[in-house]
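Take a look at the structure set out below.
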Amino acid sequence: MNGTTDGMTTTRAIRVLIADDQPLVRRGLALILTPDPAFEVVGEAGDGEEAVALAHRLRPDVVVMDIRMPVLDGVAATGRLAAELPGCRVLALSTFDMDEYVVAALRAGACGFLPKDISPEELVAAVRVVHTGEAAVAPRLLTRLISTYVRTPERPGPPPAQISGLTPREAEVWRLMATGLDNTEIAEAMGVSGSTVKNHITGLFGKLGVRDRAQAVIVAYETGVVEVGRPG
């Protein structure tokens, strides 16, 4: 097994499953990750159905998932993995940056996305970030994507109970997050420390019932906390 040993401490390699209907793309992604001892490519799938089946059998930490595949597309496969294997993180791949299917994948539970023309370094960094539970999407790109494809209802109803239960600080962090600020920028805007921002984010994720930044931003637009054309 790949991994690094430092004295008595062993760091287990990140187990990665690659799902893409193009064999050449799968092989290219595997060739990027395999030489790095921090990763172990445990399998490859040619469609979403196979990806879900292999994930159950191989228990990868991260699935690099093409969004558009035959049999079962990447969005549906992501939704199944989020429900059936919540410890498995999905990193979605798309041919285009601006793609409504990317938002659908994020809504379904993907922890991030990358366009297929990314560099090897960007792929390696994104897999590491997703494995830690963070969202591998640049905050401003995330906001631009979601504001393009998620619409605020014309007559929003009363806020769900979990939203009204946010503290004022959590609500402000959420609003700033939805406008595209990263944690450092949020801390500067609010005059607090980065660790305080992280604590507020943990609290609001729990109250909103979302698993990451992408889903939190989607909910912000869907409920009218932030409206398209009005960054707050």
Side-chain angles (χ1 to χ4, degrees), residues 1-5 10-138 141 145 211-212 214-215:
M1 176 182 291
N2 292 334
T4 58
T5 303
T10 299
T11 302
R12 185 175 69 80
I14 300 170
R15 295 168 59 81
V16 180
L17 173 67
I18 297 171
D20 195 291
D21 61 329
Q22 299 180 45
L24 189 61
V25 173
R26 295 199 304 271
R27 182 53 24 204
L29 295 172
L31 287 173
I32 291 171
L33 296 173
T34 300
D36 190 327
F39 304 104
E40 181 184 4
V41 177
V42 296
E44 298 179 16
D47 60 64
E49 191 71 48
E50 185 181 12
V52 173
L54 284 177
H56 275 278
R57 181 159 63 86
L58 301 173
R59 298 300 170 116
D61 301 304
V62 176
V63 179
V64 180
M65 180 90 73
D66 183 25
I67 291 178
R68 304 194 190 199
M69 290 187 292
V71 185
L72 185 72
D73 66 29
V75 174
T78 296
R80 283 187 53 184
L81 288 177
E84 298 168 16
L85 295 173
C88 176
R89 304 284 177 173
V90 174
L91 176 61
L93 285 179
S94 173
T95 305
F96 305 103
D97 285 356
M98 300 301 289
D99 186 344
E100 61 186 313
Y101 289 93
V102 171
V103 175
L106 294 171
R107 185 185 274 116
C111 295
F113 90 95
L114 291 174
K116 285 191 176 181
D117 60 356
I118 45 102
S119 69
E121 294 77 16
E122 287 171 321
L123 174 66
V124 167
V127 173
R128 289 181 187 276
V129 168
V130 165
H131 180 245
T132 67
E134 297 293 326
V137 188
L141 178 56
L145 251 176
R211 60 186 286 176
D212 57 38
Q215 291 189 340

Please answer whether the main-chain N or O of [Y] pairs with a side-chain N or O of [X] as donor and acceptor at a distance below 3.5 Å.
| X | Y | result |
| --- | --- | --- |
| Arg15 | Leu58 | yes |
| Thr34 | Leu31 | no |
| Arg89 | His131 | no |

About how many Å separate [atom2] of [Y] and [atom1] of [X], when rounded to the nearest 0.5 Å?
| X | Y | atom1 | atom2 | answer |
| --- | --- | --- | --- | --- |
| Asp20 | Arg27 | CG | CZ | 12.5 Å |
| Asp36 | Leu123 | CG | CG | 10.5 Å |
| Cys88 | His56 | SG | NE2 | 9.0 Å |
| Ile67 | Thr95 | CD1 | OG1 | 8.5 Å |
| Leu106 | Arg211 | CG | CZ | 11.0 Å |
| Leu54 | Ile18 | CG | CD1 | 12.0 Å |

Is [X] salt-bridged to [Y], going by a charged N under 4.0 Å from an acidic O?
| X | Y | result |
| --- | --- | --- |
| Arg57 | Glu50 | no |
| Glu40 | Arg12 | no |
| Lys116 | Asp66 | yes |

Check step by step if side chain to side chain contact (heavy atoms under 4.5 Å, CB included) holds for Phe39 and Val62. CA-CA 10 Å; Phe39 304 104; Val62 176; over 6 Å; no

Please give me the minimum heavy-atom distance between [X] and [Y], naming the atom from each residue.
| X | Y | answer |
| --- | --- | --- |
| Gly109 | Thr78 | C-CG2, 3.8 Å |
| Ala82 | Ala108 | CB-O, 3.5 Å |
| Glu84 | Val52 | OE1-CG1, 3.8 Å |
| Gly48 | Met69 | N-CE, 3.6 Å |
| Val42 | Pro60 | CG2-CB, 4.2 Å |
| Ala126 | Leu91 | CB-CD2, 3.8 Å |

Applying side chain to side chain contact (heavy atoms under 4.5 Å, CB included), run through Val63 and Leu85 and close with a yes or a no. CA-CA 11 Å; Val63 179; Leu85 295 173; over 6 Å; no

Would you mind reporting whether Leu93 and Leu29 have side-chain heavy atoms less than 4.5 Å apart?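 A side-chain contact exists here, since the closest heavy-atom pair is under 4.5 Å.
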
Does the side chain to side chain contact (heavy atoms under 4.5 Å, CB included) test come out yes or no for Leu72 and Asp47, once each step is laid out? CA-CA 6 Å; Leu72 185 72; Asp47 60 64; 5.5 Å; no

